[in-house]
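Counting from 1, the numbers follow the sequence of the chain as shown.
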Amino acid sequence: MPVSYGTLLRAGLALLLLALVLWPQGFAPVFAPFAPEGGPVIYTRASLLSLSLGHLGLVAVATLASTVVAVLLAILVTRPAGAAFRPLSRTLTNVGQTFPPVAVLALAVPVLGFGTGPTLVALFLYGLLPIFENAMTALSTLPPRTMEAARGMGLNRWQQLWQVELPLAAPVMLAGIRLSAVIGLGTATIGSTVAARTLGEVIIAGLLTSNTAFVLQGGLIVGLFAVLIYDALVQLERRLTPGRPRPA
């Protein structure tokens, strides 16, 4: 079976990302023109691998927490008993998008201290809205005939939810999770301002020392992570969507 261009491109980007993280010195000639004269070209104050793992770990935990809370809230407000809480739930999930992440960090640091705690709070709040809106839309627009068939089969409400509603809503919900994860990957960089171990450390070091090479190095790694994770979730979403062709 021939290999598609899409597969080759994904493999190339993945190899480039691995090289940037595991062998950064090999890219010194590429970043050298952007470094100040006599200054360092490659960031060496911390392992890029450890920073990458810390960055991805924060985003994964925050996205998982946002998904659990947002989906449970969407399930609640799409039931007859919880429909009255829909405006309130939208207001609550909008809070994270209303406050800039920097403001959330500033408010969280006095309570949680420096480190990962404030960053997790900011990422969690920022990730709620897209997941909630997609989950609520998906659960509110299920095919009526399918739901009638499920009731006709004798399924109770919990069985309908787990066996019919959530599987049918999964592709649309996954689109919200994908958006939340990509937003989180970019937003997590500011966590380094409160001593969280993220790739933002490289970017901030570049800004503080006027070293564009550091900024490009950190930004390129974050960008590649975002592209690859976004693409992986798109492939998963297509596989979960009935009737759509399998991705190349």
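Around the CZ atom of Arg157, the shell of radius 6.0 Å holds no more than 12 heavy atoms that belong to other residues, nucleotides or ligands. For Phe27, the CZ atom is densely surrounded, since the number of other residues' heavy atoms within 6.0 Å is greater than 12.
The main-chain N or O of Ala232 is never found under 3.5 Å from a side-chain atom of Gln235 such that the two would form a donor-acceptor pair. Panel note: side chain Ser89, backbone Arg86; a donor-acceptor pair is recorded below 3.5 Å. In terms of modelled atom types and a separation under 3.5 Å, the side chain of Asn94 and the main chain of Arg90 share a donor-acceptor contact. With hydrogens and angles ignored, the 3.5 Å screen pairs a side-chain donor or acceptor of Thr78 with a backbone N or O of Ile75.
Side-chain contact check for Leu199 versus Phe225: some heavy-atom pair is nearer than 4.5 Å. A 4.5 Å side-chain heavy-atom check between Leu48 and Leu20 finds every atom pair outside the cut-off. Between Phe214 and Pro40, the closest side-chain pair of non-hydrogen atoms falls below 4.5 Å. Side-chain contact between Leu13 and Arg10 is absent, with no heavy atoms from C-beta onward closer than 4.5 Å. The closest side-chain heavy-atom distance from Leu207 to Val215 is below 4.5 Å. With a 4.5 Å cut-off on side-chain heavy atoms, His55 and Thr189 count as touching.
Separation of atoms CG (Leu51) and CG (Leu56) is listed at 11.0 Å; rounding is to 0.5 Å. Of the inter-residue distances, the one linking Leu236 atom CG with Asp231 atom CG reads 11.5 Å to the nearest 0.5 angstrom. The CG atom of Leu128 lies 11.0 Å from the CD atom of Glu133; values are rounded to the nearest 0.5 Å. Going from atom OG of Ser47 over to atom CG of Leu22 covers 8.5 Å, rounded to the nearest 0.5 Å. With rounding to the nearest 0.5 angstrom, the OH atom of Tyr5 is 12.0 Å from the OG1 atom of Thr7. Distance CD1/Ile177 to OG/Ser66: 10.0 Å, rounded to 0.5 Å.
Linking ILVMFWY residues whenever their side-chain heavy atoms come closer than 4.5 Å, directly or via other members, places Val222 and Phe34 in the same cluster. Hydrophobic clustering (side-chain heavy atoms under 4.5 Å, transitive across Ile, Leu, Val, Met, Phe, Trp, Tyr) keeps Val77 apart from Val69. In the hydrophobic cluster analysis, where Ile, Leu, Val, Met, Phe, Trp and Tyr join through side-chain heavy atoms closer than 4.5 angstrom, Leu18 is grouped together with Leu224. Under a hydrophobic-cluster definition in which Ile, Leu, Val, Met, Phe, Trp and Tyr are linked whenever side-chain heavy atoms come within less than 4.5 Å, directly or via other members, Ile183 and Ile229 are assigned to different clusters. Note on Val61: it does not cluster hydrophobically with Val68, by side-chain heavy-atom contacts below 4.5 Å among ILVMFWY residues.
Taking each heavy atom of Ala175 and Asn134 in turn, the nearest pair found is CB-ND2, 3.6 Å. Heavy atoms only, all atoms of each residue included: Ala70 and Ile131 are closest at CB-CG2, 3.7 Å. Between Thr63 and Ala181, the shortest heavy-atom distance links the atoms OG1-CA, 3.9 Å. Contact between Arg178 and Val234 at its shortest, heavy atoms only, is CD-CG2, 3.6 Å. Of all non-hydrogen atoms in Ala62 and Leu123, the two that sit nearest each other are CB-CB, 3.4 Å. Across all non-hydrogen atoms, the minimal contact from Asn211 to Ala35 is OD1-CA, 3.6 Å.
Counting only residues at least two apart or in different chains, side-chain hydrogen bond (donor to acceptor under 3.5 Å, both in side chains) contacts with residues 194-206 comprise Tyr43-Glu201, Ser192-Thr198, Arg197-Glu201.
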Open item on the list: Show, in sequence, the C-alpha distance, side-chain angles and deciding distance for Leu166 and Met173, and conclude whether the side chain to side chain contact (heavy atoms under 4.5 Å, CB included) test is met.
Closed with: CA-CA 9 Å; Leu166 289 178; Met173 288 194 292; 3.9 Å; yes
- [ ] Begin from the C-alpha positions of Leu216 and Leu220 and carry the test side chain to side chain contact (heavy atoms under 4.5 Å, CB included) through to its verdict.
- [x] CA-CA 6 Å; Leu216 290 174; Leu220 182 58; 5.9 Å; no
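Considering Leu120, Leu105, Val121 in turn, Val121 is the only one that fulfils the side chain to side chain contact (heavy atoms under 4.5 Å, CB included) rule with Leu112.
Hydrophobic clustering, defined by side-chain heavy atoms of Ile, Leu, Val, Met, Phe, Trp and Tyr closer than 4.5 Å, groups Leu208 together with Ile204.
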